[in-house]
Amino acid sequence: MKTFQNFIAGQWVAPATGEYFENVNPADRSDVVGRFPLSGTEDVNRAVASAKRGFAQWSRVAAPARGDVLRRVGDLLTQRKAELADLMTREMGKPLRETSGDVQEGIDTAYYAATMGRQLSGRTVPSELANKWAMSFRQPIGVAGIITPFNFPLAIPTWKMFPALVCGNACVFKPAEDVPHTGAVLVEIMLEAGLPPEVIQLVHGAGEVGRAIVEHPDVPVVSFTGSTETGRMVGETCGRMHKRLSLEMGGKNAMIVWEDADLDLALEGVLWGAFGTTGQRCTATSRLVLHDRVHDEFLSRLVDAARGLTLGDGRKKGTDVGPLIHEDSRKKVERYVDIGQAVGADLLCGGRRAAGKSLDDGFFFEPTIFARVRAGQRIEQEEIFGPVLSVLRTSSVDEAFAINNGVKYGLSSSLYTRDVNLAFRAMNELANGITYVNAPTIGAEAHLPFGGVKQTGNGHREGGWEVYEFYSETKVGYVDFSGRLQRAQIDNYLGTPD
Ligand code: UN1
C-alpha cells in the first residue's frame, strides 16, 4: 500500500505527528487507496512559515505571468483528465462521467484564471482636483487557508486556489480527509506547471489541521466549503481574529414543476439533480414541488425511473449512482428516513441500504422518495446530503415560492415552466444565489459567481470576477502632479489657486 506525504516547505515530508490514516474506496471497503498523513498543528505551523516566503516571492511575479502558470495547469489537467477521473471515482465514488465533469470544471477554472491574470483591474476616475489622478488597483493579501470538501474533490479546490494564486497569494491547502489522493495529484500538477514550491503547501489530516490553519495569525484569508456547523466555528474564529472569510455551506434546494412544464425534461432534470453525486452536493435537488395537476402522473413516472437507476461502482459502465462517502453519512441518511416515516410522509421507494452482490462491499443507499411531505417538517428543512427527495404539492404560485423560500438555506432553485412571465418572476422572487429555469438545481459555470444567500454562505461568491475581489485588497493611489498643495474637499473644483 502506498504511503503519501504532505508537501511542506518545498518537499514531500512525513507529518510531525508520525501518524497516518487509511483512505478507502467507498464502493469497496477492502480497496485501500493509500495511507495519508494525519497531521497536526506543528505541520501547519511549518507550512504557514514556508508559505510566507512563497508569498514574498510570488506576489512580486507579474500577474499575467502568474496566469501563465495556471494556463499550464489547465493543459496538464486536460492531458490527465481520464486518469484523474478514475482515481477520483475510486476515492469518492461518483460515476466516471461525473468525475470527468469535475476535472473539466477545474480545467475551465484554470483557463479562466489564466485570462484573469491580464484583467485584475481597478478603476481610474477623475479627481476632484485639476492635475491630480485618482485610481484603485488590486494587491495580493498573503497566505490563504483553503479548506475543501469531498464531493467535488478537484473542482472546489481549483475554485479557491486558482484565483487566490492569480491574485498573488500563497496557499495552505487542506483537502477533505476522504479525498486526499485527488488533493495530492492536483498539487503535483501545480508544481509541474511551474508554481514555485513554497507558494503551495499541502497538509493532510482531519479537524485539527483545519483548526490550526484557521487559528494561525499569519493566515489572513480563509476559504471554507463544508457543513454549516463547521462553517459557524470557522466564522467565529475568523470574526474574532478579523480575517477575511468566504463560507460556502449547506443547501436545501427545491425544484418546482409547474402545470405547463415539459414533463419529460423535468423528469430527467430531477433524476440528475436529486440522485447525481448520490445527493451529496450542496446544490442537490432535495425538494420537489409539484403542481396539483401534474402531481400524480409525474410522481409515478419519477418513482419508476428512480427504481430503475443502477447502483454500483462508479468505475463500472452502466452505473448511474455510486455509494455514499462513508458509513457515518449512510447512518445519517437512515436517521432521516426514520424521521420522515415518523411524521407520516409516504416512503414511495428506497429508504434502505442497497444490498446484494458487490453492493455489500460499499456504502450504498437506495434512491429514496418521500411524498406527502409538508412544509416545515424536518426532512423538508434540513440538509440530508444523500439520495433523499421530499415531494410537496400545491396549485398556488405564491405557496410554491413560499415553500422554496421557507428554509434557512438559499443556494439554488429551479422552475420548470413554459410561461416566460412566471420564469422571470421566479428569478426575482426565489431567495437563492442561483435560480435555474428548465434546468435542475445544479450546473454552475466557472465564469459566473457561485454561492447562496441566508445561511448558505456569508455574502461572498466563488467563480466569476467576484472571487478575484475576495482574494485581493483594493488599494487606492492618488498622484498630484500640480506641483503645489491641493486640498481635497477644501479647494474648489476648478482648481483655482487660493
Ligand atoms: C457543490 O455542490 O458543492 O453546480 C458544488 C454544481 C456544481 C458545483 C456544486 N458545478 O452543482
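Counting starts at 1 for both ligands and their atoms, in listed order. As a basis for the values below, the full set of heavy atoms in this structure was taken, side chains included, without hydrogen atoms, waters or symmetry mates. Quick caveat, the model's predicted, so the values are computed rather than measured.
With hydrogens and angles disregarded, a donor-acceptor distance shorter than 3.5 Å links the side chain of Lys252 to the backbone of Glu382.
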Side-chain donor-acceptor distances from residues 162-170 under 3.5 Å, at least two apart:
| unit_1 | atom_1 | unit_2 | atom_2 | d |
| --- | --- | --- | --- | --- |
| Asn169 | OD1 | Ile141 | N | 2.7 |
| Asn169 | OD1 | Gly142 | N | 3.0 |
| Asn169 | ND2 | Ala164 | O | 2.9 |
| Asn169 | ND2 | Tyr471 | O | 2.9 |

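With a 6.0 Å radius and a threshold of 12 heavy atoms from other residues, nucleotides or ligands, Lys332 has its NZ atom above the threshold. For CZ of Arg97, the number of neighbouring non-hydrogen atoms (other residues, nucleotides, ligands) closer than 6.0 Å is greater than 12.
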Ligand 1 polar-atom proximity to protein (N/O, under 3.5 Å):
| unit_1 | atom_1 | unit_2 | atom_2 | d |
| --- | --- | --- | --- | --- |
| ligand 1 | 2 (O) | Cys282 | N | 2.9 |
| ligand 1 | 4 (O) | Gly443 | N | 2.9 |
| ligand 1 | 4 (O) | Ala444 | N | 2.7 |
| ligand 1 | 10 (N) | Glu105 | OE1 | 3.2 |
| ligand 1 | 10 (N) | Glu105 | OE2 | 2.9 |
| ligand 1 | 11 (O) | Arg281 | NH1 | 3.0 |
| ligand 1 | 11 (O) | Thr283 | OG1 | 2.7 |

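Shown here are the ring pair (Phe, Tyr, Trp, His ring centres under 6.0 Å) partners of His460, two or more places apart in sequence or in another chain: Phe470. For Trp258, the ring pair (Phe, Tyr, Trp, His ring centres under 6.0 Å) test picks out His291, with sequence neighbours left out.
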